[in-house]
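Position 1 is the first residue of the sequence; numbering continues from there.
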Amino acid sequence: MDSVWSTVFDVFACLLEGDDEEVYWCCGHLADRSIVVMDESGNYYHAEKGKKKRYITCNVPKTGEEDFDSVVQRLKEEAGRRAGGNHSAAAAECGGKKTTETGGDKGCPAFPDGG
């Protein structure tokens with residue numbers, strides 16, 4: 001396997017608390033410790049601890065619906081405000097918490113700051 005591709009596509013399945021019916025692909029975590037996940041149908045959700053997951057977009061957005069990059073950019077900005085601008089502390093704390101997943105015990109990768 002090409003090491004570049006294995007690094008780029010290092011994704012894993014995760015379970016959301018209170019959702020015993022579905023397994024999701026973890027796409028990344030945000031500064032406020034919330035995560036973005038994708039279901040098997042290609043629908044993306046924003047998940048926050050203690051709240052229900054919220055649909056944000058899909059792999060093939062309908063006309064007028066935001067695409068993944070636009071939604072994630074907006075969520076990153078909102079999460080940064082909620083985290084009080086202390087991105088590194090929130091990310092470090094999130095890194096210490098583990099997400100239940102198949103095949104091991106890792107946290108979701110962080111979305112890079114910036115674009």
Side-chain angles (χ1 to χ4, degrees):
M1 180 183 291
D2 185 342
S3 62
V4 173
W5 287 107
S6 65
T7 301
V8 172
F9 294 104
D10 186 21
V11 296
F12 51 88
C14 63
L15 303 172
L16 297 180
E17 183 177 29
D19 187 348
D20 300 331
E21 302 296 318
E22 188 89 38
V23 175
Y24 299 89
W25 294 104
C26 184
C27 299
H29 75 263
L30 300 161
D32 65 353
R33 298 185 288 168
S34 63
I35 61 173
V36 174
V37 297
M38 182 183 74
D39 68 14
E40 65 183 26
S41 300
N43 296 309
Y44 291 93
Y45 299 90
H46 180 223
E48 298 176 83
K49 186 174 179 126
K51 296 182 181 179
K52 290 188 72 150
K53 70 180 187 253
R54 178 174 54 98
Y55 172 83
I56 54 174
T57 194
C58 64
N59 278 335
V60 183
K62 296 177 182 133
T63 302
E65 187 178 40
E66 286 183 284
D67 66 9
F68 180 80
D69 292 335
S70 299
V71 172
V72 168
Q73 182 60 40
R74 181 175 45 78
L75 289 174
K76 285 169 40 178
E77 291 167 4
E78 292 170 2
R81 285 191 295 274
R82 282 193 300 272
N86 194 357
H87 302 299
S88 59
E93 186 174 335
C94 183
K97 300 201 181 264
K98 301 298 180 186
T99 301
T100 304
E101 60 164 296
T102 60
D105 197 19
K106 301 180 209 172
C108 288
F111 286 110
D113 288 336

Contact between Cys14 and Val37 at the side-chain level, heavy atoms closer than 4.5 Å - yes or no? yes

Kindly compute the distance separating CD (Glu77) from CG (Leu30), expressed to the nearest 0.5 Å. 11.5 Å

Side chain to side chain donor-acceptor pair (under 3.5 Å) between Ser41 and Asn43, intermediate numbers included: CA-CA 6 Å; Ser41 300; Asn43 296 309; 4.5 Å; no

Set out, in order, the CA-CA distance, both residues' side-chain angles and the distance that settles side chain to side chain contact (heavy atoms under 4.5 Å, CB included) for Leu75 and His46, then state yes or no. CA-CA 9 Å; Leu75 289 174; His46 180 223; 4.0 Å; yes

In terms of hydrophobic clusters joined by side-chain contacts under 4.5 Å, are Tyr24 and Tyr55 together? yes

If I take atom SG from residue Cys26 and atom CG from residue Leu16, how far apart are they, to the nearest 0.5 angstrom? 9.0 Å

So, using salt bridge (Lys or Arg N to Asp or Glu O under 4.0 Å) as the criterion, who are the partners of Asp67 when residues are at least two apart? none

Is Met38 close to Asn59 at the side-chain level, that is, under 4.5 Å between some pair of heavy atoms? yes

Working to the nearest 0.5 angstrom, can you tell me the gap between Ile35 CD1 and Lys49 NZ? 11.5 Å

Atom pair NZ/CG of Lys53 and Asp19 - distance to nearest 0.5 Å: 4.5 Å

Which value, rounded to the nearest 0.5 Å, describes the distance between Glu17 atom CD and Lys51 atom NZ? 14.0 Å

Would you name the heavy atoms of Ser34 and Glu48 that are closest together and state the gap between them? CB-CG, 3.6 Å

pair Cys58-Glu65: side-chain heavy atoms closer than 4.5 Å: yes

Shortest non-hydrogen contact from Ala31 toward Ala79: N-CB, 4.1 Å

Checking side-chain polar atoms at under 3.5 Å, does Tyr44 have a donor or acceptor matched by the opposite partner on Asp39? no

For Phe68 and Val36 the tightest heavy-atom approach is CE1-CG1, 4.0 Å

